[in-house]
Each structure stands twice: as structure tokens, then as C-alpha cells.
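Data block below; observations after.
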Amino acid sequence: MKKVITYGTFDLFHEGHYNLLKRAKALGDYLIVGVTTEDYDQTRGKLNVVDSLMTRIENVKKTGFADEVIIEAMPGQKLRDIKKYGVDIFTVGSDWTGTFDYLKDYCEVVYLERTKDISSTILRSEKQSILRMGIIGTGRIANRFIPEVKLVSGINAQSVYNPNKESTDEFAKKWNLESYYDIDLFFDSIDAVYVASPHNTHYEYVKEALERNKHVLCEKPMALEKAQCEELFSLAKKHNRVLMEGIKTAYCPGFNNLIGIACSGIIGTVRSIEATFTKLENSSSRELTDTEYGGSVTELGSYTLLPAVKIFGTEPENIRFESIYSDNGIDIFTKIFFKYKNSMSTATCGLGVKSDGQLIISGTEGYIKVDAPWWKTSYFEVHHENPNDIEKYSDRFLGDGLRYEISDFLSIINGNSKSAFKLTREESIFISEVMEKFLNERKNRR
Ligand code: CTP
């Protein structure tokens, strides 16, 4: 019996998939079809898959060509499957020609001609109109955003706004965008906005955007006062728009896997979380000279607070801050302590003190250790009492990682809210409350 194997996402099942499976089956007697998981697709950069894994499997089964359906969940699996199932022929469409030649040592490799003018990507963009996105701000993060947005299908970076004409024109030219210094015209040109302006301007811009019925993805910290953050979410609800705070860690696959594992009981009950992020800044930088809104907490606190917020929640019994200040009153190093009923956490951030950027999640039966840059989670270890008993986990973190939050932003706008748990309204509001408490304390000590 000749065994054939093929793999695919099979999203929005179409004629090209049908033809491929039909011809794959005709190559032998028994056809195995590997359908990819959402997590695997995400880690290989395929974002915005619409159908669930179950639906995609059902659609493959319905064709009647597959004798067996398996799940493809990780890189390197193809080779193992070929050996495990005793496969004679590996086949995929001609868009992959050459890619799988390395399998020729183990079986025959056949590239079947792809059906013309149809693909899941085309169907996805037909299904949803392309979202026109505008960017407010032209700084470092805005420059990182554009290449990432290009990787997400269904969304297009359209225009840029900055009251400063010169920097707007330069940015627009660099990224081939429409350039606006008039905010009314800017908002008229878009459906959604990415706010990447200085921290203290976020609230006003987000408010303005929501009042004009635009969806908003706002760089962290979205607001520095709890009441402002609550107001923005209420406004989003009133206007039926999506409002998301862009803490990129919250959306990346590795971090979500980490949180799932921490909460799975594998290290017993989680009792302590220590998260550290330091980034030495030039003393003349905005972060170290803006005495009102600069400093380590406003800059890095959103990241270091996130693990405790995700695992322990938003209702600590006690919050305490300890800082080292520079002469101008800005915190160059801060530890934020949370005490919960039976657990505790520290969030350490520094712009003028360097430390090891680690995340340690400790439980009653072991601990999880994530080295810097844990905020771009790609690898972590689970340790137990026996030092030789270590489990290692890895996920890919692609590029600057903004593609994950952009992709989730788009799917929520398109009515698929399954990613909304990654950073909830309550969590964003709580983080803004912590920022506000900290800034008040800092102000009062002056
Ligand atoms: N395929 C094909 N003809 C098409 C589209 C896909 O033969 N017009 C084949 C692919 O080459 C692959 C299999 O179908 O062997 C599953 O492809 P998949 O990546 O799931 O589908 P695409 O439509 O290519 O998806 P996307 O646009 O997301 O890349």
C-alpha cells in the first residue's frame, strides 16, 4: 500500500484545497492529511486564520479523500510523521517548490501544481474589507509598527498624523503613507488608529478617535489615571468600537503559553512573581528629562506588572513602591510590591540602574524561569526541587512582535473576540490605577 501525506491550514476551505487533496489521494492508496493548529500557524507568521481547527478538520474530512487526519503542531514534525506513518510520498502545492526537498532522503517528494487565482488569503480579504489604519506619532515605535502591520492581512497602514509638518512628511515619505497635519482630514481618511504619540497625549487622542467612531490601538501606557482609562473604555462601548492597549507581551504566543503553563498546576500553586526589566537611557532622553511623565514606571511598568496581573489578578490587598530618584525627581529604578492574600509579586523597572531582566514565577512545587527578554517570550524553563528535573519550552517570537497585537486587534474588530482575554479592560484599568498611584506618590515627595 502506497502512503501519501500532505499538510496545510485549509482555512476557508476552497477549490484549490479540494483539487490538491484529490490529486494527493490519486498519488497512492492511503492519504494522511496534517492540519495545522492555530498556535503553530501564529508562530510561523500566518496570522488571521479565520476557521477553528475543528472546522478546518471537518472540511478536510468532508472531501472524502483523507483516510486519516492528523494535527501539525510544531516545526520538525513532518520528518517524524514520515517515519512514524511509513510514508512513501510527501506532497504539497507548487507554491512550496523546493522547500521540502530535504525530505527526499526519506520519501518521494511531489509538488502538485497549485490551482490558479484562489487562496485563503484572497478569500480572507474578500470576506473582510481592508481596514484603513492611521498612525498618530512618528517616533521610534511608530517606525517599528509599519513593517509589522504589513504582515497582517486585512489591514493597511494608510496615513500618518503629527502636528509637526516636517516630521510627518518625512515619515510619510519613508513609509509611503498619506501625510496629515490636520486632524479632521486625518480621521476622515481612516477606520482605525494606532496611537504612538508621547504618553501624556494618549488620553486626548484616544478620546478624539473614539468620538469619531474609530477603533483604537493605543501604545502603553494608555492612560496614567484610572478615571481616564475607565472613561475611554466607556466611550468605546458607547460608540461600539474596539479599544485595545498595546502591551505587546500580552499578545505574543510564548507569553500566553507561559501563563497557561504557570496556571496549570505544573509548579503547584503560584505564590510569588518577580519581574524585572531595565533599559539604560541617555540622561538627556525624554524618559529621563520629562519630570512629569518620564521615569522607569511609566516607561517599563506596563511590562513588569503584566505577569502578576495575569496570574494573580487585579485586586491585591496592598500596593507599595520603593524608588531611587535622580536629582530632577524622576525614578531611575523602582520596585512595585503587590501583596495578595496568599501570594506576592515584585515588578522592578529601571532606566538608570542595570539589572538582569528576569521573570521568576514561583510555586509550591517548582518555579518557572524566563531570561531576558522575557517580555518577548520565546523560551522558558520549569524547574523542580530536583535540579536535574527541568522542562524546556520554546515558542517563536517574530520580528518586533507587534504583528500579534495588530492581528488580534483586527480579529476583534471583525467580530471574533476570542483573543480579548489576552488583555482585558479590567487589567488595563488596573494598570492605569497603579501608574496613577505611583505618579501621585512621586509628586507628593517633591
Ligand atoms: N493549494 C493549492 N492551490 C491553491 C491554494 C492552496 O494547491 N490555490 C494547496 C497548497 O499548496 C497546500 C494546500 O493547498 O499544499 C493547503 O494550503 P493552505 O496554505 O492551507 O492554503 P492557501 O490558500 O495557500 O492559504 P494562505 O493563503 O493562507 O497561504
Side-chain angles (χ1 to χ4, degrees), residues 3-28 30-75 77-79 81-82 85 87-104 107-130 149-156 253 396 398 403-404 406-408 410-411 414 416:
K3 276 192 175 178
V4 182
I5 198 162
T6 189
Y7 294 86
T9 307
F10 302 104
D11 189 28
L12 301 174
F13 199 89
H14 56 68
E15 190 194 335
H17 295 144
Y18 184 90
N19 292 340
L20 187 284
L21 293 177
K22 186 176 180 186
R23 283 173 297 152
K25 170 79 179 180
L27 290 173
Y30 190 86
L31 177 65
I32 304 172
V33 182
V35 182
T36 53
T37 63
E38 279 158 37
D39 281 353
Y40 176 53
D41 273 329
Q42 273 229 344
T43 57
R44 67 192 184 119
K46 196 167 193 169
L47 305 161
N48 290 340
V49 171
V50 175
D51 289 335
S52 70
L53 177 61
M54 287 312 289
T55 306
R56 293 182 285 119
I57 290 174
E58 279 310 312
N59 287 336
V60 167
K61 280 187 178 162
K62 264 191 234 158
T63 63
F65 298 128
D67 296 287
E68 191 169 345
V69 176
I70 60 168
I71 288 170
E72 186 184 25
M74 63 189 77
Q77 188 184 318
K78 292 187 177 73
L79 188 51
D81 288 343
I82 286 167
Y85 296 101
V87 167
D88 302 288
I89 301 174
F90 169 92
T91 185
V92 276
S94 51
D95 44 327
W96 295 101
T97 301
T99 310
F100 296 106
D101 285 357
Y102 69 95
L103 297 173
K104 281 183 180 163
C107 63
E108 193 182 333
V109 175
V110 178
Y111 298 104
L112 291 168
E113 190 162 345
R114 204 178 147 86
T115 308
K116 290 206 169 42
D117 303 327
I118 180 99
S119 75
S120 305
T121 306
I122 295 174
L123 293 178
R124 277 194 290 266
S125 56
E126 272 171 12
K127 210 170 170 230
Q128 40 184 251
S129 54
I130 303 282
V149 92
K150 287 186 195 298
L151 298 165
V152 181
S153 55
I155 190 161
N156 182 41
R396 286 175 81 192
L398 298 171
R403 64 195 67 181
Y404 305 114
I406 301 169
S407 157
D408 283 338
L410 182 64
S411 17
N414 288 330
N416 183 350

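Counting starts at 1 for both ligands and their atoms, following the listed order. Keep in mind that this is a model prediction, so the values were computed, not measured.
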Note to self: Test of understanding: with side chain to side chain contact (heavy atoms under 4.5 Å, CB included), list the residues that count as partners of Glu38, not counting sequence neighbours.
What the structure shows: Ser52, Arg56, Lys418

Check: By side chain to side chain contact (heavy atoms under 4.5 Å, CB included), which residues pair with Asn414, not counting sequence neighbours?
Finding: Gln128, Leu410

Check: Quick one: salt bridge (charged side-chain N to carboxylate O under 4.0 Å, His left out) pairs with a partner in residues 3-19, sequence neighbours left out?
Finding: Asp11-Arg124

Please tabulate, one line per pair, the protein nitrogen or oxygen atoms found under 3.5 angstrom from a nitrogen or oxygen of ligand 1, with distances to 0.1 Å, or say none if there are no such pairs.
from     : atom 1 : to     : atom 2 : distance (Å)
ligand 1 : 3 (N)  : Thr115 : N      : 3.2
ligand 1 : 8 (N)  : Thr115 : O      : 2.8
ligand 1 : 8 (N)  : Ile118 : O      : 2.6
ligand 1 : 11 (O) : Gly93  : N      : 3.2
ligand 1 : 11 (O) : Asp95  : OD1    : 2.6
ligand 1 : 15 (O) : Gly93  : N      : 2.9
ligand 1 : 19 (O) : Lys46  : NZ     : 3.0
ligand 1 : 20 (O) : Thr9   : N      : 2.9
ligand 1 : 20 (O) : Phe10  : N      : 2.8
ligand 1 : 20 (O) : His17  : NE2    : 3.4
ligand 1 : 21 (O) : His17  : NE2    : 2.9
ligand 1 : 23 (O) : His14  : NE2    : 2.9
ligand 1 : 23 (O) : Ser120 : N      : 2.7
ligand 1 : 23 (O) : Ser120 : OG     : 3.2
ligand 1 : 24 (O) : Arg114 : NH1    : 3.1
ligand 1 : 24 (O) : Arg114 : NH2    : 3.3
ligand 1 : 25 (O) : Ser120 : OG     : 3.3
ligand 1 : 27 (O) : Ser120 : N      : 3.4
ligand 1 : 27 (O) : Thr121 : N      : 2.8
ligand 1 : 27 (O) : Thr121 : OG1    : 2.4
ligand 1 : 28 (O) : Lys46  : NZ     : 3.2
ligand 1 : 28 (O) : Arg124 : NH2    : 2.8
ligand 1 : 29 (O) : Lys46  : NZ     : 3.4

Check: Taking Ser94 for the side chain and Arg114 for the main chain, is one N or O donor matched with an acceptor at less than 3.5 Å?
Finding: yes

Next item on the list: Check each of Phe13, Phe10, Phe65 against Tyr18 using the ring pair (Phe, Tyr, Trp, His ring centres under 6.0 Å) test, and report the only one that passes.
Entry: Phe65

Margin query: Apply side-chain contact (heavy atoms from CB on, under 4.5 Å) to residues Val149 and Ile155 and explain how you reach the verdict.
Written below: CA-CA 7 Å; Val149 92; Ile155 190 161; 4.1 Å; yes

